[in-house]
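Both counts, for ligands and for their atoms, begin at 1 and track the order of listing. Sequence positions, counted from 1, serve as the residue numbers for this chain.
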Amino acid sequence: MSSVNNDIIYLKDYLPPAFLIQTVNLEFDLSPHETRVRSTITFTRNQERNAGLPLELHGNELKLISVEIDGQPLSESQYQITAEQLIIPDVPDQFVLKTDVQIDPANNTSLEGLYRSNTMFCTQCEAEGFRKITYYPDRPDVMAAFTTTVIADKTEYPVLLSNGNPVKKGELDNNRHFVVWQDPFDKPAYLFALVAGDLQVVKDTFTTMSGREVALEIWVEPENITKCDHAMASLKAAMKWDEEVYGREYDLDIYMIVAVNDFNMGAMENKGLNIFNSSCVLARPDTATDGAFQRIEGVVAHEYFHNWSGNRVTCRDWFQLSLKEGFTVYRDQCFSADMNDEAVKRIEDVAMLRTAQFAEDAGPTAHPVRPDHFIEISNFYTLTIYEKGSEIVRMIANLLGPDLFRKGSDLYFERHDGQAVTVEDFIGAMADASGIDFSQFMRWYSQSGTPELTVSGHYDAAAQQYTLTIKQQTPVTKDQPEKLPLHIPVKVGLLNGAGADMPLTLSAGEASGAQGDHDRVLHLREAEQVFVFENIDEEPVPSLLRGFSAPVKLDFGYTQAQLLHLMRHDSDGFNRWDAGQRLAITALKAMVTQFEAGQIPKLDSALTEAYKGLFESGLNPAILAEMLMLPGEAYLAEQFDIVPVDAIHACRNIARKTLAETLNAELEQTVAANQLTGEYRPLAEDIAKRRLKNICQSYLMTLEADAVVERSWQQFSTADNMTDQHAALTALVHSKQDEKAKAALESFEQQWKDDALVMDQWFQVQASRPHPDALARVKALMEHPAFSLKNPNKVRSLISVYCNQNRVNFHSIDGLSYQFLADVVLELDGMNPQIASRLITPLTRWQKMDAKRQQLMQAELQRIAAADLSKDLFEVVQKALP
Ligand code: B3K
Ligand code: ZN
């Protein structure tokens, strides 16, 4: 790794490619250690660039066998090879380049380029993995039509797949065979894919809105053939939804998904041949939880939606990554909302954004949704690019309304079909379709950090006016010292004493919607702005930022009475939930103060009363379940400048116990009332009941009464679905019932030892167990035969879960977990830099810890920094060092 350069690449240095490509012909002769890749590429000089520029191709870890131009072999003096490039100084304006390279997929542990997963070959090229396959201008603005011939042993690899349509197949000598695939759509190299293996298929078809029949195929290793139905149903639902909601039709005759065990991310949208982490595609009721079913539905849809938002219209350069990712996440969130409960989906997405993306935006790797520089682009597949990027698109959709937003997206797809474009092109289409001026709004793409709104309300009874004064400021982030005011849509309602929405007539301040509407979107543009509502005949309670209309923090200084009012009456489901969260945060913060003063923390009875009220309020099970959940430890940590990690853990547990004691009857009743009989269905209605029942049972388990423990044990032993079995396993393992926990873990292992995905859950339950022996257990589990540091799912299940979800143990004041994480990261960096640089995240967040922990965490970062690191890890560690 010492040969890597750590140069910074800047957006401002973008230049169009010096050469364009007409056609690409690839021939793969597959063998585990000596795969040959022969490429034939037609190049033309790009008129937009100077004449006489050399041909510069990317290439990493390739063994060049031969290179020729227009049939003439080149001698070594006619080209240069560096660690990252092949440079040919003297080339004509148009020519055919042929190269022959050798690669070693079996030793490729980075899971980028062509590699092996179990006995199959597969690829991952985004963002810059194609250069590990052959010499090529590996940048998204070079698009070409690919023809790919795959040759391999017929017995070991009966199935040979690549992008597009199969056009020819046949037999060769030595038991080898081949298939030729042709992809008629121009694409960048990052969308290239190849798979070879002994796979089985589930087939179906989809008839598009114009009446074309598309073959749908899900390819898996034979033992997984019973786990494809849900992904197939999700794919068909997504294809239909994209036709109905965006008017987007699929374009090839075949759409394939392949499940692989070793995969760095969730999945990849390669043209016509998606490759999926098996965890995001395989599900059966007895092996996958409701959460996994929903995740699969979302990821299958996400990759499918990329066919338009990403593939047909792609990114000019990697700084524009959110152009495809933010938009596609927005699309998949809306799809999942339509398939399930809209308010619950919004609550889940916002909870994740506020917990994890806000932390990223406040930490050392903060970056804008369109970054302006990077060392390693793989480090930028972040919550900011994806989730905050999606929030930006959501704000645009809310500003335009559904009809104009659809007009804007139609224009974008039509105008830029087949092109590699920028964020400006997307916003340009939205602006042209709507006539809205987005110039200030563009700052959302260039400014990092989470804006903070401070709102105050003033009621003037004599004038019958209610005035909201809103101030905005974005705290300085590590990457950007100066911040400007943003254009922020703030959706508001005003509740009267009876809890009803009042009609809103504005006399000062800009807002969308009509005078008299029950909610209005205020357009905040200045650092401080005043909005005046007329004809307000009693002092209202404002419901602010309805539906979480912008990714900001909002402080109103609500009184407890106001929050209780919103929690009971707000017509906005999201804000109703959020009022409960705010109440709980206030109560838990008060407990933390008591804890730190050496007192016994006591939960405010107002919160208990409010929770009691939830059971009587006729809420549907899905929302009730969400509203009964206290904010998680990670979100609570966000509420402090210096995180009192032990106090948060202790106080939250005490609060849970208090709620369980006080609401015992309601909880018992809810458990009883939400038992499902009949066959498992992954439908929103049933999911909500299972979730509500399991949440109530987990409250009751905090008291550890024999009958309740027995109920968990019964559920664990008799459940016919993984949601219930897993919930009961977690309840037992996270309780103090050591013997029951041990027995449950042993029985689960026995039952599921041959199922890698279920064993991931077995690792997770133990990694998150909040007992003092957690680190020792995690270390011991790393020796378990089902664990491997080479498999990202295992690393995530055991090590990431421990470091991110077992906060009280990870931050143990002995510093041993920090040391453990640093050791693992250093070992992993040599194998898989992308996973190593992601895994280190919790160690980079030292700024929010106390002095002692800061020092321990920094020492580990220094130790890592002293080693010879990959680009990925180098970039993150440099940013995180004090
Ligand atoms: N586009 C891929 C991500 C690839 C990540 C490469 N390091 C998955 C997705 O967002 O759909
Ligand atoms: Zn994506």
Side-chain angles (χ1 to χ4, degrees), residues 60 108 110-115 122-133 138-140 163 187-193 231 234-235 238 242 255 257-260 262-281 295-315 317-336 369 371 374-390 393 420 426 792 796 832-839 870-873 875-876:
N60 271 128
N108 180 356
S110 69
L111 313 189
E112 194 189 30
L114 178 69
Y115 65 94
C122 61
T123 54
Q124 171 55 36
C125 294
E126 187 179 357
E128 299 181 333
F130 193 73
R131 62 190 64 185
K132 291 179 145 188
I133 292 176
D138 188 8
R139 42 186 289 169
N163 316 84
K187 67 166 176 288
Y190 84 85
L191 291 173
F192 172 80
S234 303
L235 174 60
D242 213 19
Y255 191 89
I257 288 177
V258 182
V260 307
D262 303 280
F263 205 71
N264 283 345
M265 309 270 295
M268 179 62 212
E269 69 264 24
N270 315 302
K271 185 77 188 186
L273 177 57
N274 287 187
I275 298 182
F276 270 63
N277 185 321
S278 51
S279 71
C280 291
V281 60
R295 180 162 159 73
I296 289 164
E297 180 179 69
V299 178
V300 167
H302 179 99
E303 306 313 330
Y304 174 72
F305 296 155
H306 267 314
N307 190 52
W308 276 96
S309 49
N311 301 3
R312 288 288 285 258
V313 183
T314 194
C315 299
D317 55 74
W318 291 118
F319 296 101
Q320 319 295 327
L321 180 58
S322 193
L323 173 70
K324 75 177 177 80
E325 294 305 346
F327 188 20
T328 305
V329 170
Y330 174 67
R331 279 149 58 66
D332 84 55
Q333 287 177 347
C334 294
F335 167 75
S336 293
V369 169
F374 60 73
I375 294 178
E376 171 53 63
I377 185 57
S378 298
N379 283 330
F380 287 78
Y381 286 75
T382 60
L383 292 156
T384 300
I385 303 290
Y386 276 66
E387 313 300 323
K388 188 175 180 182
S390 163
V393 178
F426 180 72
R796 280 186 280 259
N832 189 331
Q834 286 183 19
I835 298 296
S837 102
R838 214 158 263 262
L839 194 65
S870 66
K871 274 191 202 194
D872 311 57
L873 194 54
E875 183 174 33
V876 172

message = Quick check against the 3.5 Å criterion: does D872 have a side-chain atom that pairs as donor or acceptor with the backbone of S837?
response = no
Note to self: So, 2.8 Å as the limit: is an N/O/S atom of E303 located closer than that to the Zn ion (ligand 2)?
What the structure shows: no
Between Q320 and D317, is any side-chain donor less than 3.5 angstrom from a side-chain acceptor? yes
Next on the checklist: Please tell me whether S390 and Q333 have a donor and an acceptor in their side chains that are separated by less than 3.5 angstrom.
Outcome noted: yes
Ion pair present between R331 and D242, side-chain N to carboxylate O less than 4.0 angstrom? yes
Can a donor-acceptor pair be found, under 3.5 Å and without considering hydrogens, that links the side chain of N274 to the backbone of N270? yes
At the Zn ion (ligand 2), OE1 of E325 and NE2 of H302 open up to roughly (10° bins) 110°
Note: C125 and Y190 closest approach over all heavy atoms is CB-O, 3.6 Å
Quick check on ligand 1: any N or O pairs to the protein under 3.5 Å? One line per pair.
from	atom 1	to	atom 2	distance (Å)
ligand 1	1 (N)	E126	OE1	2.6
ligand 1	1 (N)	E269	OE1	2.8
ligand 1	1 (N)	E269	OE2	3.4
ligand 1	1 (N)	K324	NZ	3.4
ligand 1	1 (N)	E325	OE2	3.1
ligand 1	10 (O)	H302	NE2	3.4
ligand 1	10 (O)	E325	OE1	2.9
ligand 1	10 (O)	E325	OE2	3.1
ligand 1	10 (O)	Y386	OH	2.5
ligand 1	11 (O)	E269	OE1	3.2
ligand 1	11 (O)	H302	NE2	3.1
ligand 1	11 (O)	E303	OE1	2.7
ligand 1	11 (O)	E303	OE2	2.9
ligand 1	11 (O)	H306	NE2	3.2

Is it true that K324 and E269 have a side-chain N and a carboxylate O under 4.0 angstrom from each other?
yes
